[in-house]
> 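The structure is given below, and queries will be raised subsequently.
Chain naming here is simple, since letters A, B, ... match the order of the sequence lines and numbering starts at 1 in each.
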Amino acid sequence: MASRKRTLLKVIILGDSGVGKTSLMNQYVNRKFSKQYKATIGADFLTKEVQVDDRLVTMQIWDTAGQERFQSLGVAFYRGADCCVLVHDVNTAKTFDNLENWRDEFLIQASPNDPDNFPFVVLGNKTDVDGGASRVVSEKKAKSWCTSKGNGDIPYFETSAKEDVNVEEAFACIARNALKNEAEEEIYLPDTVDVNQGAAKKGGCC
Amino acid sequence: MATMNVSAQDEQDKWLADASSLVKQYAFYMKRALDDNNLREALKQGSLMLGELRTIALSPQKYYELYMQVWNELRHLEAFFGEEARHGKSNLELYELVQHAGNILPRLYLLITVGVVYIKSKDGAAKDVLKDLVEMAKGVQQPIHGLFLRTYLSQASKTLLPDTGSEYEGNGGNVNDAVEFVLQNFTEMNKLWVRMQHGGGNRDRERREKERRELRDLVGKNLLVLTQLEGMTLDLYKGTVLPRVLEQVINCKDDIAQPYLLDALIQVFPDEFHVQTLDAFLEACPLLKPTVKIGNVLASLMERLASSARDNPEIVAQFVAVEAFGKLSAGCKSIIASQPSMDAHDRLQMHAALMGFVTAVHRDRLDYVDDVLGACADALNAPGGGDEKDSKENSSDERVDRGGIDGGAEDAGPPMIVSDQKGVRQLHALLTVPLDTYDVVSVLGLSNYPRVMSLLQPANLRQMAMTIVKSVIREPEGAVSDATQAETLFRFISVLIKDREGVAEEVDEEDFEEEQNAVARLVHALQSGDSDTQYRLLVASRKHFGQGGPRRLKHTLPPLAHEAMRLGRSLLARARADSGSGDSGAAAAAAAATGPMGPALKKILQFLHQTISALAAAPVSRHEPAMRLFLEAAQLADASGMEPVAYEFFERAMTIYEDEISDSAAQRSALSCVVGALHSCVGFTAESRESLVHKTTAYSARLLKKPDQVRAVSDCAHLFWGPDGVDGAARDATSTVTCLKKALKIAGGVQQASLGGVGGGGGDALRLFIEVLNKYLYFFERGCPGVDASILQGLLEIINGELAGEEHGVAPDIQAYYGATVRHIKHQKLKGGEIGARYQAISL
């Protein structure tokens, strides 16, 4: 099946309401930013072609509702993710404290094979607000959280979706880490592989 | 019941697992066919795979999992469709070909998948293909199947809409076509969703509503698609989107859909749009089903607007320009009128949100705060709406007004009871938010504030009163600056200040202490720059605190006395500045008494007398503070030239000492306060002074422990040798020397006792000798006659002898103390001048 060798990377963005998940995705994919706040309902994705080293891959970036009341159907879309991006607002301590919950929830629902080595990336967004004056989550604090989880090598980026700071770099890292995860893909083997193809095809009615 | 649920869950899991493994199998063959470029076979396997979505056994969440799985597999098919070279069919041919699928659901999924490719190729105009697809989707009327199919359509078409600036704009249509398509999909989805409610009997209602709630985001997501359109302008929203959505919301008459869709509308569209369309939105609210909790929806709108005003101050001008506050408060009123059965909690929530809006947007409009409080009080039938007796006209007007809105409802009934936790929290928030935003005293003075507060049950009043106290404490000093304001404040917190008549309340001891400490701190917040007013503030506080009973008095009276003292001292300072007399001394004191500040000082001293006496009389052990306060007041009286008052205060302090203070350490420290106070006094007649000094020395000599006696008696030496350069200060060298000698003698007794074998006494005696030596040095330096070098020399020898005779070595701290004393002597010897010369006589 050479033609279907893996070229699709699935990335899930999680975090509290209002931290800028949608804005980060829009800045990265569409190079656009709006300061109007619009809640996200359910899950929504955009795709982007990216070059990772010498490979061209498609990133399918899933933006999610930060408000629980807009996530009524559950999180079936977590499944098959190659990387999970955790976002907080560096100006709101609670959004950082909640990263723990988002990570736990993701690991429970997506149940990756090797949770400790599953790639996460943490983004501290909105570094532009007040020129940094209203900041409450320090870089040190965020980094120390990143080294305390899993095998301790979660990359951390400080971003501003508004001013397009570090967004490209962060997603390049996300793509690379997602690609490393590819070995996990599940290979389906039918119960009965009929070497003689003709017989297997009969039952259909199309 | 529980077991049934568990087994139902297990059943669901099994069904999903079965369907999922079939999907995997069909997908496997589909992909193998794709590898072979075998279109016909791929379509056949694809249809079989999609056929699994025809199940009606799965709950929405399980169905969603299956759908996601199928969705992922369809991506392979879609990619293949896009490569014409591999299958050799034109898009149109594909479009025709997939219509042969036998079942409608797989057929429509395939059709949409091809449609995407068709639009992308630009062979088909986006608006036509999309219109075709959204029409054809009507063929699926099973609600869950239809909702997911349309979700597929919506998701697949999202990047293909002929939106402004999109590559499909032009031949593919324009943003109006895009909006039309999405709105049509939305309308159809909402109909499917609402219809679910009416299938099946009452028996399944609970399950059905649960399922519907799970599905709601599928419907709501259409609104998200609309808000994400580049071409979504305010005009388009106002002219097309909002009216169409509201129409759908109102007409569907569904309890789940109405609040959800409005909430989604509020959350996904930007504030700028909401501000400009408040009228339309608010007009729609009363048209919803009366059972819908529309108050919550309106509250969430107001909360959102408030939070955007906090984050983005630029938007505030827009709110003001469209008179948002007036509209929102009218909106609240008409909703309450349209839903007479709305419970207290929802009414409160709405007004708390309105209050949040006012405090975020109108930081300068205290009148709006009062309006909101008034509206809330009316909404909950709080008593006191309008002056019932004084102005009949007003109240009848109001009744007419209300009749106009709610269709002639009867007179307001009894106040609604707010006792549930959530309701109390809301009420508390409603009363607290303005305190945090505006000047506390002004808020308390609003006519409707007490009305809303009266809705609190007695048990919750304490908490609110505490909030008020804490708010006042947080304010800058002088927040409460006249007696009227103080009266207002005390009225609101009376529950903390006195017991309620006939109510035996059980308050946790710790809570009680915390409350009273807070009330005590409140005293310092009552400040006026004008001394008469300040005095009246003290008297007002005293009057209220006086009703608190002994448990409270011990907390509340001391700060009051301190504040009175502070006021007295500032008056005194002014009197001295005015009269130009010196800083201290008998003459200055006498001038203060007869000067213009005299009467005011006298009143303060009377106040102090009365307040401290009340504290002393309280049957709780607060004697030491009372005694110290008397001594402090005595000093104030002395400096104010009121000798008899000062004397009386000393007497009171000494009476407390004699009657109430029995612990020896407490006695020792109390005595040192007495000595300190008496030492600084300048105005006593010789007779008064002698009497007080006599008592003090007698107390000192009667202390239980010898070392305490030594220290107290040597302290008393100061009573005969007042501060330098103050007129009226005592100068009685003989008595000074007598005290010092007496102290030395008692120290000698201690030394003897230690020699007699009472363990550990040696160090004690040594330390006492050094202490007395230091007293001697003090008076020696001040040239007190009778304190001469020979006495010092003798004392030094005694100490040196002691040091030499100490068998077990001398404790390091005593060594250090003595070392420092010797260094001092050496230093003074080198100093030269009069003192240096005096020191020369001492040899070390």
> Where does B:I315 contact chain A at under 4.5 Å (heavy atoms): side chain, backbone, both or neither?
neither
> So A:K38 and B:L224, side chain to side chain contact (heavy atoms under 4.5 Å, CB included) or not? Walk me through it.
CA-CA 8 Å; A:K38 299 171 180 175; B:L224 189 65; 5.6 Å; no
> Taking NZ, NE, NH1 and NH2 as the nitrogens, is one of them in B:E272 or A:K35 under 4.0 Å from a carboxylate oxygen of the other?
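Result for this pair is no, no salt bridge flagged.
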> For B:R107, is it the side chain, the backbone, both or neither that has a heavy atom under 4.5 Å from a heavy atom of chain A?
neither
> Mind listing the closest non-hydrogen atom pair of B:Y64 and A:A76 along with its distance?
CD2-CB, 3.8 Å
> Can you tell me how far the CZ atom of B:R75 sits from the OG1 atom of A:T58, to the nearest 0.5 Å?
12.0 Å
> Given heavy-atom pairs under 4.5 angstrom as the criterion, report whether the side chain, backbone, both or neither of A:R79 touches chain B.
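Just its side chain gets close to chain B.
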> Within this structure, what is the CZ-CD distance for the pair B:F269 and A:Q36, rounded to the nearest 0.5 Å?
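Between atom CZ of B:F269 and atom CD of A:Q36 there are 11.0 Å.
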> I would like to know whether A:F70 and B:R216 meet side chain to side chain contact (heavy atoms under 4.5 Å, CB included); could you show each step before the answer?
CA-CA 8 Å; A:F70 292 129; B:R216 64 190 179 188; 6.0 Å; no
> Atom CG in A:L46, atom OG1 in B:T159: separation rounded to 0.5 Å?
8.5 Å
> With only heavy atoms counted, which part of A:T40 is less than 4.5 Å from chain B, the side chain, the backbone, both or neither?
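Contact with chain B is through both the backbone and side chain of A:T40.
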> Quick check: closest heavy atoms across A:S72 and B:Q61, and the distance to 0.1 Å?
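Shortest heavy-atom contact: O-NE2, 3.2 Å.
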> Most heavy-atom pairs under 4.5 angstrom with chain B, which of A:G74, A:A39, A:A65?
A:A39
> Over all heavy atoms of both residues, which pair between B:K221 and A:I41 is shortest? Give the atoms and the distance, please.
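Heavy atoms only, the tightest pair is CG-O, 3.5 Å.
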> Of the non-hydrogen atoms in B:Q155 and A:F45, which two are nearest, and what is the gap between them?
NE2-CE2, 3.6 Å
> Is the shortest heavy-atom distance from the side chain of B:D217 to the side chain of A:L73 under 4.5 Å?
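They are not in side-chain contact.
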> Any side-chain heavy-atom pair from A:R69 and B:Y260 closer than 4.5 angstrom?
no
> Measure the shortest side-chain to side-chain distance between A:Y37 and B:Q267 over non-hydrogen atoms and say whether it is less than 4.5 angstrom.
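They are in contact (side-chain heavy atoms under 4.5 Å apart), so the answer is yes.
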> Give a yes or no on whether A:E68 atom CD has more than 12 heavy-atom contacts from other residues, nucleotides or ligands under 6.0 Å away.
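No, the 6.0 Å shell around CD holds no more than 12 heavy atoms from other groups.
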> So what's closer than 4.5 Å to chain A heavy atoms on B:K158: side chain, backbone, both or neither?
side chain
> Let's test your reading of the structure: which of B:D263, B:I266, B:D311 forms the most heavy-atom pairs below 4.5 Å with chain A?
B:D263
> Counting only heavy atoms not in A:K162, do more than 12 fall under 6.0 Å of its NZ?
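Not buried by this count: 12 neighbours or fewer within 6.0 Å.
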